[in-house]
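Down below is the structure, laid out as structure tokens.
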Amino acid sequence: MAKIRVGIIGAGGIANNHAHYYREIPDVELVAVADVVEERARSFAMRWGIPPDGVFTDYVKMLDSVELDAVSVCTPHAVHAKPAIEALKRGVHVLVEKPMASSGAEALEMLRAARASGKILMVGFQTRWSPELRAARKIVESGALGRIYYAEATLGGRRRGIPGSPTFVKRELAGGGVLLDIGCYAIDNMMFVLGHPRPLTVSAVTEAAIGKQREAAVEGGWPWNPDEFEVEDFVAAFIRFEGGLTMVLKESWAMHADTLGPPFILGTKGGLRLSPLEVYRDEWGYMTNTTLKLPQVDIYRERIRNFVEAVKRGGPSPIDPREIVVEMFIIDAIYESARKGREVEVKLPSEVLG
Ligand SMILES: NC(=O)c1ccc[n+]([C@@H]2O[C@H](COP(=O)([O-])OP(=O)(O)OC[C@H]3O[C@@H](n4cnc5c(N)ncnc54)[C@H](O)[C@@H]3O)[C@@H](O)[C@H]2O)c1
């Protein structure tokens with residue numbers, strides 16, 4: 001069988017992770033890379049054995065002149081939708097980095113392009129291969145926790161962890177701050193475990209509380225440039241779902257506290273903490289805490305391997321893109337509610353309903 005020909009769009013930090021795992025697979029060939037910064041594209045090509053005629057500063061030129069089976073889109077959040085759509089239009093499968101896009105509208109356009117082309121659109125949530133999350137999902141599905149009525153979604157927050165690259169903090173590139181960067185994981189992790197309940201309304205606040213303060217760039221924290229900071233560094237949201245489930249989302253890039261606490265789920269017959277995974281139930285007339293012996297998995301290897309396998313099969317995507325479009329509409333509603341200072345509806349498009 002001919003090798004799978006892969007191109008990379010955006011040759012920054014995470015693109016190297018993609019290239020590393022693609023290169024592990026014998027029937028994958030890295031053939032092209034595009035980055036607006038020519039030097040970055042060139043040195044990336046050198047590092048990963050991409051031939052000189054596969055180096056581009058314009059991804060459209062790359063898509064038009066190189067025969068490709070698949071691309072990884074590794075550009076800043078607000079530059080995910082266009083390259084993904086252009087690739088899909090040309091019949092090329094797409095693995096796009098998280099967050100799917102910088103808005104629900106963009107994500108929907110991407111979904112439509114994928115449907116029109118019949119090609120794979122996979123959002124690269126490597127966390128979908130986390131043994132803890134997969135076990136938690138199984139436990140919820142088994143009914144052992146009863147009716148789930150409450151969940152807290154978070155990665156726990158960072159005390160001083162604002163990303164240094166403009167990719168994440170300049171509005172034009174990022175589209176938003178901590179919510180889009182790591183809030184998207186907190187939401188996807190919990191939605192995956194809960195079996196993708198349908199969101200109804202959101203009441204939320206966002207804050208740029210620390211990011212602009214030069215004196216907050218203290219020793220021991222991640223270095224960033226407070227003068228470039230244009231987005232939010234804190235988010236809290238109260239999200240209502242069909243069936244009486246409520247989720248609180250909280251995330252922070254910077255705060256005066258060590259942690260926002262763990263993600264957890266409460267059900268009528270049991271509860272669980274997601275990381276590290278622990279299950280709380282009543283058994284034999286006692287309150288029990290259960291931990292599981294879980295396998296060690298390289299989740300980044302799994303995401304590339306599963307994408308490539310799906311490409312070989314011709315689809316479907318290992319992660320249903322409609323699930324992530326719903327999550328992007330939750331994110332839109334969070335920003336809208338924070339702006340308006342009141343609860344708003346999550347307006348889901350017909351393409352993701354039913
Ligand atoms: N899954 C993960 O664990 C993970 C980790 C880090 C980043 N990410 C995601 O990956 C994306 C990139 O993050 P990063 O840390 O690699 O950022 P980065 O700033 O290191 O790299 C982004 C690259 O995109 C290039 N670029 C910008 N506009 C472009 C365009 N129009 N065409 C071609 N190239 C363009 C930039 O020049 C830069 O080299 C972000 O969306 C981020 O959320 C995911």
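We count ligands from 1, going down the list as the structure has it; atoms in each ligand are counted the same way. Only a predicted model underlies this, so the values are computations on that prediction, with no experimental measurement involved.
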- Query: Under 4.0 angstrom from ligand 1, any heavy atom of R303?
  - Reply: yes
Original post:
Judged by non-hydrogen atoms, does Y185 sit under 4.0 Å from ligand 1?
Top reply: yes
Give me the residue, atom name and distance of the protein heavy atom closest to [atom].
{"atom": "atom 18 (P) of ligand 1", "result": "T167 OG1, 3.7 Å"}
{"atom": "atom 26 (N) of ligand 1", "result": "V36 CG2, 3.7 Å"}
{"atom": "atom 11 (C) of ligand 1", "result": "T75 O, 3.2 Å"}
{"atom": "atom 9 (C) of ligand 1", "result": "K98 O, 3.5 Å"}
{"atom": "atom 31 (N) of ligand 1", "result": "V79 CG1, 3.5 Å"}
{"atom": "atom 13 (O) of ligand 1", "result": "F168 CZ, 3.8 Å"}
{"atom": "atom 21 (O) of ligand 1", "result": "G12 CA, 3.2 Å"}
{"atom": "atom 27 (C) of ligand 1", "result": "P76 CD, 3.4 Å"}

Taking 4.0 angstrom as the limit and counting only heavy atoms of [X], give me the atoms of ligand 1 inside it, by number and element.
{"X": "V37", "result": "37 (O)"}
{"X": "R40", "result": "36 (C), 37 (O), 38 (C), 39 (O)"}
{"X": "Q126", "result": "1 (N), 2 (C), 3 (O)"}
{"X": "H80", "result": "41 (O)"}
{"X": "H77", "result": "40 (C), 41 (O), 42 (C), 43 (O)"}
{"X": "Y59", "result": "32 (N)"}
{"X": "S165", "result": "19 (O)"}

ask   = Can a salt bridge be assigned to the pair D233 and K212 using a cut-off of 4.0 Å between side-chain N and carboxylate O?
value = no
With clusters defined by side-chain heavy atoms of hydrophobic residues (ILVMFWY) lying less than 4.5 Å apart, directly or transitively, does V6 cluster with W48? yes
Over 12 foreign heavy atoms within 6.0 Å of CD, E283: yes
When every non-hydrogen atom of E97 is compared with those of V123, the smallest separation belongs to O-CG1, 4.2 Å
Q) Hey, does the side chain of D35 reach the backbone of A11 with a donor-acceptor pair shorter than 3.5 angstrom? A) yes
Discussion item. Closer than 3.5 angstrom, by distance alone: can the side chain of R303 be matched with the main-chain N or O of G124 as a donor-acceptor pair?
Written reply: yes
Here the gap from R281 atom CZ to W284 atom CH2, rounded to the nearest 0.5 Å, amounts to 8.5 Å
dist F329:CZ -> I334:CD1 (nearest 0.5 Å) comes out at 13.5 Å
For A151, the side-chain contact (heavy atoms from CB on, under 4.5 Å) test, sequence neighbours excluded, returns M190, L194, M247, I265
Quick look: F125 vs ligand 1, heavy-atom contacts under 4.0 Å, and the answer is neither
Quick check: does I9 get an N/O under 3.5 Å from an N/O on ligand 1? no
Quick check: E97 and ligand 1, any N/O pair under 3.5 Å apart?
yes
Notebook entry, point to check: Would V308 and Y22 satisfy side chain to side chain contact (heavy atoms under 4.5 Å, CB included), going step by step from the backbone distance to the final call?
Noted result: CA-CA 8 Å; V308 169; Y22 280 127; 3.8 Å; yes
query: Given F168 and H77, is the ring pair (Phe, Tyr, Trp, His ring centres under 6.0 Å) satisfied, shown in steps?
result: CA-CA 8 Å; F168 297 89; H77 320 331; 5.5 Å; yes
When R128, K98, R137 are each screened for salt bridge (charged side-chain N to carboxylate O under 4.0 Å, His left out) with D188, the one that passes is R128
I want to check something: taking the side chain as every heavy atom from C-beta on, are V325 and M100 in contact at a cut-off of under 4.5 Å?
yes
Filtering C184, G13, G10, C74 for the heavy atom nearest atom 22 (C) of ligand 1 leaves C74
